[in-house]
Amino acid sequence: MTTLLHLDASARPGRSGTTVHGSHSRRLSHHFVSAWKATRPQDEVVYRDIGAAPPSVVTGEWIESGYTPAHLREPWMHKVLAESDALIAEIRQADVLVIGVPMYNFSMPAPLKSWIDNVVRIGATFDYDRSLENPYVPLLAERHRRTVLLTSCGSSGYGPGGVQAHLDLLTPGIASPLALLGLTEVHSVAIEHAEDHGDLLDQSIAAALARVDALVGQLQAA
Ligand SMILES: Cc1cc2nc3c(=O)[nH]c(=O)nc-3n(C[C@H](O)[C@H](O)[C@H](O)COP(=O)(O)O)c2cc1C
């Protein structure tokens, strides 16, 4: 059985195509999971709506607790790290991370950044060994996990070779910290032109939904 961890990060609650002013990234991630389940109904889906319930922002107490070796932690430190523990456990049990996420100011919404700050934790998901040429040691590489980024943006041209590619801080902003943990296989599908509306948006949605279908087939066959 394969386990999917499905995250949505849009601040908009509904899905486009279903709800007025609904989220395009939620529509894509929902489409991915529905297409996946259509052919593999036995697989498990764990869902977390980060946009609706943002993870806590990392604090000074969090950092003190995280950098204290586990066997020396005081009870309050375990309490402070409990949310991080739960978020990390969800990644540990997952085979595929499906992340629906909009572009906000060329990067990711703050709730997804909080999620990343909670799951990238020294001694828990990565280690740092300065005796190594690359001092970062991934701790979630014990099995291969794949990440699917399903994004939406108002403009266009942020993809590789695009006219605004240099402004895309969204994809690398997620892919780089996940690689630190050992999750190095990343697939992306984007809806563009959300702010252009009309035909440009309609065509982009249709193309993205088709690419999601193809990606589901590709990943299930792998
Ligand atoms: C706070 C905010 C910042 C945004 N920043 C950008 C941006 O930098 N570049 C862009 O192309 N679109 C930007 N947009 C447009 C969104 O990316 C677009 O509306 C997208 O569809 C939102 O995702 P959603 O449909 O899943 O809610 C921004 C929208 C908001 C609300």
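As the structure is a computational prediction, the values presented were derived from the model and not from experiment. All values below come from the heavy atoms of this structure, side chains included, with hydrogens, waters and symmetry mates left out. Whatever order the structure lists ligands and atoms in, that order sets their numbers, starting from 1.
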The closest protein heavy-atom partner of atom 21 (O) of ligand 1 is S152 OG, 2.6 Å
Top protein contact for atom 9 (N) of ligand 1, by heavy-atom distance: Y158 OH, 3.0 Å
Exactly one candidate in D49, T18, T19 meets side chain to side chain donor-acceptor pair (under 3.5 Å) with R26; the answer is D49
Indicate yes or no for a side-chain donor-acceptor contact from E61 to the backbone of M77 under 3.5 Å, with no hydrogens or angles considered. no
Report yes if some N/O of M103 lies less than 3.5 Å from some N/O of ligand 1; otherwise report no. yes
Polar atom proximity, Y104 to ligand 1 (N or O, under 3.5 Å): no
Strictly distance-based, threshold 3.5 Å: is any side-chain N or O of S23 a donor or acceptor partner for the main-chain N or O of R12? no
Quick one: which ligand 1 atoms are inside 4.0 Å of a heavy atom on S155? 10 (C), 11 (O)
Which protein heavy atom lies closest to atom 22 (C) of ligand 1, and at what distance to 0.1 Å? P102 CB, 3.5 Å
Whether the side chain of T125 engages the backbone of V119 through a donor-acceptor N/O pair (distance < 3.5 Å, no angle test) should be reported. yes
Any sub-3.5 Å donor-acceptor pair from R15's side-chain atoms to S29's backbone N or O? no
Which is it for H24 and ligand 1 at heavy atoms under 4.0 Å: side chain, backbone, both or neither? both
Do any nitrogen or oxygen atoms of F106 lie less than 3.5 angstrom from nitrogen or oxygen atoms of ligand 1? yes
Starting from atom 19 (O) of ligand 1, which protein heavy atom do you reach first, and at what distance in Å? E195 OE2, 2.8 Å
Checking S84 side chain against N118 main chain: does a donor-acceptor pair fall under 3.5 Å? yes
Backbone N/O of I205 and side chain of R27: donor-acceptor pair under 3.5 Å: no
Any N or O of R26 that comes nearer than 3.5 Å to an N or O of ligand 1? no
Name the closest protein heavy atom to atom 5 (N) of ligand 1, giving the residue it belongs to and the distance to 0.1 Å. N105 N, 2.7 Å
Closer than 3.5 angstrom, by distance alone: can the side chain of D129 be matched with the main-chain N or O of S131 as a donor-acceptor pair? yes
Between the side chain of R121 and the main-chain N/O of I88, is any donor-acceptor distance below 3.5 Å? no
Looking at ligand 1, does any of its N/O atoms fall within less than 3.5 Å of an N/O of G154? yes
Heavy-atom distances under 4.0 Å decide this one: backbone, side chain, both or neither, for C153 against ligand 1? both
Under 4.0 Å from ligand 1, counting heavy atoms only, is it the side chain of S10, its backbone, both or neither? side chain
